[in-house]
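To start, the structure under review is shown below, and the notes come after it.
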Amino acid sequence: MHVKELFAKAHHEKFAIGAFNVANIETMRAIVEAAAELASPVLIESSPGETKWMGARNVISVARNFSSEYGIPIFVNLDHAETFDECMVGIEAGYDLIHFDGSALSYKENMEITKKVVSEAHAKDLMVEAEIDRMARKSSEVYKEQITIEELKKTFSDPQKVREFVQATNVDTMATLFGNIHGIFPTQPPLDIGLLQKICEVIPDTFLSLHGGSGIPDSQVQQAIKIGGVVKVNINTEMRLAFRQTLEKTLQENTKELAMYKVLPPVIDAVKGVVRKKIKIFGSANKI
Ligand code: 13P
(Lines give C-alpha, C1' and ligand atoms only; values in the text may rest on other atoms or scores of the structure.)
Protein backbone atom coordinates (compact mmCIF):
# COMPACT_ATOMS: atom_id res chain seq x y z
CA MET A 1 0.00 0.00 0.00
CA HIS A 2 1.22 3.51 -0.83
CA VAL A 3 1.00 5.98 2.05
CA LYS A 4 -1.31 8.12 -0.09
CA GLU A 5 -3.81 5.24 -0.26
CA LEU A 6 -3.62 4.92 3.51
CA PHE A 7 -4.28 8.65 3.94
CA ALA A 8 -7.21 8.45 1.51
CA LYS A 9 -8.67 5.55 3.50
CA ALA A 10 -8.20 7.48 6.77
CA HIS A 11 -9.83 10.56 5.21
CA HIS A 12 -12.78 8.51 4.02
CA GLU A 13 -13.23 6.45 7.20
CA LYS A 14 -12.38 9.33 9.57
CA PHE A 15 -9.48 7.95 11.52
CA ALA A 16 -5.92 9.25 11.89
CA ILE A 17 -2.52 7.63 11.84
CA GLY A 18 -0.12 8.43 14.66
CA ALA A 19 3.22 9.91 13.64
CA PHE A 20 5.66 9.13 16.43
CA ASN A 21 9.10 10.69 16.75
CA VAL A 22 12.15 8.44 17.13
CA ALA A 23 15.78 8.96 18.04
CA ASN A 24 16.72 5.40 18.96
CA ILE A 25 15.89 1.81 18.13
CA GLU A 26 14.19 1.21 21.51
CA THR A 27 11.55 3.85 20.73
CA MET A 28 11.12 2.38 17.25
CA ARG A 29 10.59 -1.07 18.78
CA ALA A 30 8.03 0.34 21.23
CA ILE A 31 6.05 2.00 18.43
CA VAL A 32 6.11 -1.04 16.18
CA GLU A 33 5.16 -3.51 18.93
CA ALA A 34 2.20 -1.35 19.99
CA ALA A 35 1.05 -0.92 16.39
CA ALA A 36 1.43 -4.65 15.65
CA GLU A 37 -0.57 -5.62 18.76
CA LEU A 38 -3.40 -3.37 17.60
CA ALA A 39 -3.10 -4.19 13.88
CA SER A 40 -2.56 -0.52 13.14
CA PRO A 41 -0.64 1.20 10.36
CA VAL A 42 1.87 3.65 11.79
CA LEU A 43 4.15 6.53 10.87
CA ILE A 44 7.64 6.73 12.28
CA GLU A 45 9.12 10.20 12.05
CA SER A 46 12.42 11.90 12.67
CA SER A 47 13.21 15.60 12.87
CA PRO A 48 16.44 16.80 11.22
CA GLY A 49 18.18 16.50 14.62
CA GLU A 50 16.89 12.97 15.18
CA THR A 51 17.71 12.08 11.57
CA LYS A 52 21.29 13.25 11.99
CA TRP A 53 21.62 11.27 15.20
CA MET A 54 20.21 8.02 13.77
CA GLY A 55 21.32 8.38 10.15
CA ALA A 56 18.57 8.78 7.55
CA ARG A 57 19.28 5.46 5.86
CA ASN A 58 19.39 3.68 9.21
CA VAL A 59 15.91 5.01 10.09
CA ILE A 60 14.60 3.74 6.76
CA SER A 61 16.32 0.35 6.99
CA VAL A 62 15.16 -0.33 10.54
CA ALA A 63 11.60 0.77 9.73
CA ARG A 64 11.51 -1.46 6.63
CA ASN A 65 12.94 -4.41 8.60
CA PHE A 66 10.38 -3.98 11.38
CA SER A 67 7.60 -3.69 8.79
CA SER A 68 8.46 -7.05 7.28
CA GLU A 69 9.17 -8.68 10.66
CA TYR A 70 5.85 -7.56 12.21
CA GLY A 71 3.78 -7.59 8.99
CA ILE A 72 2.33 -4.08 9.41
CA PRO A 73 2.49 -0.97 7.17
CA ILE A 74 5.12 1.41 8.55
CA PHE A 75 5.80 4.67 6.71
CA VAL A 76 8.60 7.10 7.46
CA ASN A 77 8.10 10.84 7.73
CA LEU A 78 10.74 13.57 7.84
CA ASP A 79 9.39 15.93 10.51
CA HIS A 80 9.90 19.73 10.45
CA ALA A 81 12.72 19.95 7.91
CA GLU A 82 13.35 23.69 7.74
CA THR A 83 15.57 23.92 4.64
CA PHE A 84 15.54 22.53 1.11
CA ASP A 85 18.80 20.64 1.84
CA GLU A 86 17.30 18.97 4.92
CA CYS A 87 14.36 17.86 2.76
CA MET A 88 16.77 16.42 0.18
CA VAL A 89 18.37 14.22 2.88
CA GLY A 90 14.98 12.57 3.42
CA ILE A 91 14.11 12.44 -0.28
CA GLU A 92 17.42 10.81 -1.18
CA ALA A 93 17.27 8.32 1.71
CA GLY A 94 13.77 7.20 0.63
CA TYR A 95 11.50 8.66 3.31
CA ASP A 96 7.83 8.24 2.33
CA LEU A 97 6.73 11.70 3.47
CA ILE A 98 8.60 14.98 3.63
CA HIS A 99 7.41 17.77 5.90
CA PHE A 100 8.92 21.08 4.83
CA ASP A 101 8.32 23.60 7.60
CA GLY A 102 8.92 27.02 6.07
CA SER A 103 6.92 28.82 8.75
CA ALA A 104 9.98 30.81 9.88
CA LEU A 105 10.32 32.24 6.35
CA SER A 106 8.27 34.88 4.58
CA TYR A 107 5.10 33.52 3.00
CA LYS A 108 6.58 34.06 -0.48
CA GLU A 109 9.92 32.37 0.24
CA ASN A 110 8.12 29.50 1.98
CA MET A 111 5.98 29.07 -1.14
CA GLU A 112 9.00 29.03 -3.48
CA ILE A 113 10.91 26.41 -1.48
CA THR A 114 7.76 24.32 -0.93
CA LYS A 115 7.28 24.20 -4.72
CA LYS A 116 10.85 22.99 -5.18
CA VAL A 117 10.42 20.31 -2.50
CA VAL A 118 7.12 19.20 -4.10
CA SER A 119 8.80 18.91 -7.49
CA GLU A 120 11.68 16.75 -6.12
CA ALA A 121 9.45 14.62 -3.86
CA HIS A 122 6.62 14.03 -6.35
CA ALA A 123 9.16 12.92 -8.97
CA LYS A 124 9.89 10.05 -6.55
CA ASP A 125 6.23 9.50 -5.67
CA LEU A 126 6.72 10.81 -2.11
CA MET A 127 4.22 12.96 -0.24
CA VAL A 128 4.87 16.52 0.94
CA GLU A 129 3.49 18.34 3.96
CA ALA A 130 3.79 22.12 4.28
CA GLU A 131 3.35 24.64 7.08
CA ILE A 132 2.81 28.39 6.95
CA ASP A 133 1.92 29.32 10.53
CA ARG A 134 4.59 29.26 13.21
CA MET A 135 4.01 27.10 16.30
CA ALA A 136 4.31 29.23 19.45
CA ARG A 137 6.37 26.63 21.33
CA LYS A 138 8.90 23.86 20.66
CA SER A 139 8.17 20.16 20.93
CA SER A 140 9.57 18.04 23.77
CA GLU A 141 8.91 20.37 26.71
CA VAL A 142 6.68 20.21 29.75
CA TYR A 143 5.82 23.87 30.28
CA LYS A 144 5.13 25.24 33.76
CA GLU A 145 3.75 28.52 32.40
CA GLN A 146 0.35 28.58 30.79
CA ILE A 147 0.09 30.08 27.28
CA THR A 148 -2.56 32.79 26.97
CA ILE A 149 -5.38 32.38 24.45
CA GLU A 150 -4.35 35.78 22.97
CA GLU A 151 -0.83 34.52 22.22
CA LEU A 152 -2.15 31.25 20.87
CA LYS A 153 -4.68 32.95 18.60
CA LYS A 154 -1.87 34.85 16.86
CA THR A 155 -0.67 31.48 15.50
CA PHE A 156 -4.06 30.43 14.09
CA SER A 157 -4.20 29.55 10.38
CA ASP A 158 -6.13 31.78 8.00
CA PRO A 159 -8.26 29.45 5.81
CA GLN A 160 -7.97 31.67 2.71
CA LYS A 161 -4.18 31.83 2.98
CA VAL A 162 -4.05 28.06 3.46
CA ARG A 163 -6.17 27.55 0.32
CA GLU A 164 -4.02 29.90 -1.73
CA PHE A 165 -0.85 28.12 -0.56
CA VAL A 166 -2.20 24.66 -1.36
CA GLN A 167 -3.35 25.73 -4.83
CA ALA A 168 -0.01 27.35 -5.64
CA THR A 169 2.23 24.56 -4.35
CA ASN A 170 0.24 21.35 -4.91
CA VAL A 171 1.24 19.96 -1.51
CA ASP A 172 -0.48 16.79 -0.33
CA THR A 173 -0.81 17.66 3.35
CA MET A 174 -1.03 20.87 5.39
CA ALA A 175 0.04 21.33 8.99
CA THR A 176 -2.44 23.93 10.18
CA LEU A 177 -2.90 25.61 13.55
CA PHE A 178 -6.22 25.92 15.36
CA GLY A 179 -5.16 25.79 19.00
CA ASN A 180 -2.71 22.93 18.72
CA ILE A 181 0.72 23.64 20.16
CA HIS A 182 3.90 21.63 20.78
CA GLY A 183 4.55 20.36 24.29
CA ILE A 184 2.48 19.80 27.41
CA PHE A 185 0.89 22.62 29.44
CA PRO A 186 -0.62 22.73 32.95
CA THR A 187 -3.98 23.18 31.23
CA GLN A 188 -3.97 22.40 27.55
CA PRO A 189 -5.57 25.22 25.54
CA PRO A 190 -8.71 24.09 23.68
CA LEU A 191 -8.73 23.35 19.95
CA ASP A 192 -10.85 25.71 17.83
CA ILE A 193 -12.93 23.07 16.06
CA GLY A 194 -14.94 25.77 14.23
CA LEU A 195 -11.74 27.05 12.60
CA LEU A 196 -10.70 23.50 11.69
CA GLN A 197 -14.10 23.04 10.04
CA LYS A 198 -13.53 26.19 7.94
CA ILE A 199 -10.05 25.00 6.91
CA CYS A 200 -11.49 21.63 5.85
CA GLU A 201 -14.15 23.37 3.77
CA VAL A 202 -11.65 25.42 1.76
CA ILE A 203 -9.24 22.50 1.10
CA PRO A 204 -11.52 19.45 1.06
CA ASP A 205 -9.07 17.32 -0.95
CA THR A 206 -5.95 18.11 1.08
CA PHE A 207 -4.92 16.00 4.05
CA LEU A 208 -4.39 17.72 7.40
CA SER A 209 -1.69 16.96 9.90
CA LEU A 210 -2.29 17.78 13.57
CA HIS A 211 0.98 18.77 15.23
CA GLY A 212 1.47 19.11 18.96
CA GLY A 213 -0.55 15.99 19.73
CA SER A 214 0.80 15.63 23.30
CA GLY A 215 -1.46 16.81 26.07
CA ILE A 216 -4.57 17.46 23.96
CA PRO A 217 -7.58 15.88 25.72
CA ASP A 218 -8.62 12.64 23.98
CA SER A 219 -12.14 13.85 23.21
CA GLN A 220 -10.81 16.97 21.43
CA VAL A 221 -8.42 14.99 19.23
CA GLN A 222 -11.28 12.66 18.36
CA GLN A 223 -13.50 15.61 17.52
CA ALA A 224 -10.80 17.02 15.21
CA ILE A 225 -10.45 13.65 13.46
CA LYS A 226 -14.25 13.32 13.10
CA ILE A 227 -14.42 16.62 11.19
CA GLY A 228 -12.76 14.54 8.50
CA GLY A 229 -9.60 16.32 7.38
CA VAL A 230 -7.09 15.27 10.03
CA VAL A 231 -5.41 12.01 9.01
CA LYS A 232 -2.09 12.34 10.85
CA VAL A 233 -1.43 13.25 14.49
CA ASN A 234 2.15 13.94 15.62
CA ILE A 235 3.27 12.79 19.05
CA ASN A 236 6.62 13.43 20.66
CA THR A 237 6.66 14.98 24.17
CA GLU A 238 4.51 12.34 25.90
CA MET A 239 6.75 9.55 24.59
CA ARG A 240 9.99 11.28 25.56
CA LEU A 241 8.60 11.98 29.01
CA ALA A 242 7.65 8.32 29.51
CA PHE A 243 11.10 7.26 28.24
CA ARG A 244 13.04 9.58 30.53
CA GLN A 245 10.98 9.09 33.69
CA THR A 246 11.05 5.30 33.37
CA LEU A 247 14.77 5.25 32.57
CA GLU A 248 15.54 7.34 35.67
CA LYS A 249 13.41 5.08 37.86
CA THR A 250 14.89 1.88 36.41
CA LEU A 251 18.46 3.09 36.86
CA GLN A 252 17.74 4.12 40.44
CA GLU A 253 16.34 0.68 41.18
CA ASN A 254 19.22 -1.11 39.47
CA THR A 255 22.52 0.59 40.14
CA LYS A 256 24.77 -2.34 39.08
CA GLU A 257 23.67 -3.57 35.63
CA LEU A 258 25.99 -2.56 32.77
CA ALA A 259 24.16 -4.30 29.92
CA MET A 260 21.72 -1.63 28.79
CA TYR A 261 19.57 -4.10 26.85
CA LYS A 262 18.73 -5.70 30.20
CA VAL A 263 17.78 -2.35 31.73
CA LEU A 264 15.70 -0.94 28.88
CA PRO A 265 12.66 -3.29 28.61
CA PRO A 266 10.56 -1.31 31.17
CA VAL A 267 11.45 1.87 29.25
CA ILE A 268 10.23 0.31 26.01
CA ASP A 269 7.05 -0.82 27.80
CA ALA A 270 6.37 2.73 29.05
CA VAL A 271 6.73 4.24 25.56
CA LYS A 272 4.64 1.40 24.17
CA GLY A 273 1.90 2.32 26.64
CA VAL A 274 1.77 5.88 25.28
CA VAL A 275 1.67 4.70 21.66
CA ARG A 276 -0.98 2.05 22.38
CA LYS A 277 -3.21 4.66 24.02
CA LYS A 278 -2.82 7.11 21.13
CA ILE A 279 -3.55 4.50 18.46
CA LYS A 280 -6.82 3.65 20.24
CA ILE A 281 -7.77 7.34 20.45
CA PHE A 282 -6.92 7.97 16.77
CA GLY A 283 -9.04 5.00 15.65
CA SER A 284 -6.34 3.36 13.51
CA ALA A 285 -6.49 -0.05 15.25
CA ASN A 286 -7.53 -2.86 12.89
CA LYS A 287 -7.04 -0.65 9.82
CA ILE A 288 -4.22 -2.60 8.16
P1 13P B 1 4.22 17.13 20.81
O2 13P B 1 5.64 17.25 21.25
O3 13P B 1 3.31 18.14 21.41
O4 13P B 1 3.72 15.74 20.94
O5 13P B 1 4.21 17.47 19.23
C6 13P B 1 4.95 16.66 18.36
C7 13P B 1 4.99 17.21 16.99
O8 13P B 1 4.10 17.91 16.56
C9 13P B 1 6.15 16.83 16.15
O10 13P B 1 6.07 17.39 14.88
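Just so you know, ligand 1 is whichever comes first in the structure, and atom 1 is the first atom listed for that ligand.
No donor-acceptor contact under 3.5 angstrom links the side chains of Asn234 and Asn21, judged on distance only. No hydrogens or angles considered: nothing links the side chains of Ser61 and Asn58 as a donor-acceptor pair under 3.5 Å. There is no side-chain donor-acceptor pair under 3.5 Å between His80 and Glu129.
For atom 8 (O) of ligand 1, the nearest non-hydrogen atom of the protein is Gly212 N, 2.8 Å. Closest to atom 9 (C) of ligand 1 among all protein heavy atoms lies Asp79 OD2, 3.3 Å. Nearest non-hydrogen protein atom to atom 4 (O) of ligand 1 is Ser214 OG, 2.6 Å.
Interface of His80 with ligand 1, defined as ligand atoms under 4.0 Å from a residue heavy atom, comprises 10 (O). Listed by number with element, the atoms of ligand 1 under 4.0 angstrom from any heavy atom of Gly213 are 3 (O), 4 (O), 5 (O). The atoms of ligand 1 that sit less than 4.0 Å from any heavy atom of His211 are 8 (O), 10 (O). The atoms of ligand 1 that sit less than 4.0 Å from any heavy atom of Thr237 are 1 (P), 2 (O), 3 (O), 4 (O). Proximity to Gly183 (heavy-atom distance under 4.0 Å) selects the following atoms of ligand 1: 1 (P), 2 (O), 3 (O). Heavy-atom contacts of Ser140 reach the following atoms of ligand 1: 2 (O) (cutoff under 4.0 Å).
Residue His182 places a heavy atom less than 4.0 Å from ligand 1.
Between Phe75 and Tyr95, the gap from one ring centroid to the other reaches at least 6.0 Å.
With salt bridges taken as basic N to acidic carboxylate O contacts below 4.0 Å, none links Lys108 and Glu164.
Using a 4.5 Å heavy-atom cutoff, the side chains of Val231 and Lys9 are not in contact. When side chains are defined from C-beta on, Val171 does not count as touching Val117, because their heavy atoms never get closer than 4.5 Å.
Scanning Asn234, Ile216, Leu241, Ile184 for the heavy atom closest to atom 7 (C) of ligand 1 points to Asn234.
A salt bridge (Lys or Arg N to Asp or Glu O under 4.0 Å) check over residues 32-53, counting only residues at least two apart or in different chains, returns the pairs Arg29-Glu33, Glu33-Lys272, Glu37-Lys272, Glu37-Arg276, Glu50-Arg240.
Looking at Ile235 next to ligand 1, no N or O pair under 3.5 Å apart turns up. Distances between N or O atoms of Asn21 and those of ligand 1 include no value under 3.5 Å.
A distance of 12.0 Å separates CG of Asp96 from CD1 of Ile91, quoted to the nearest 0.5 Å.
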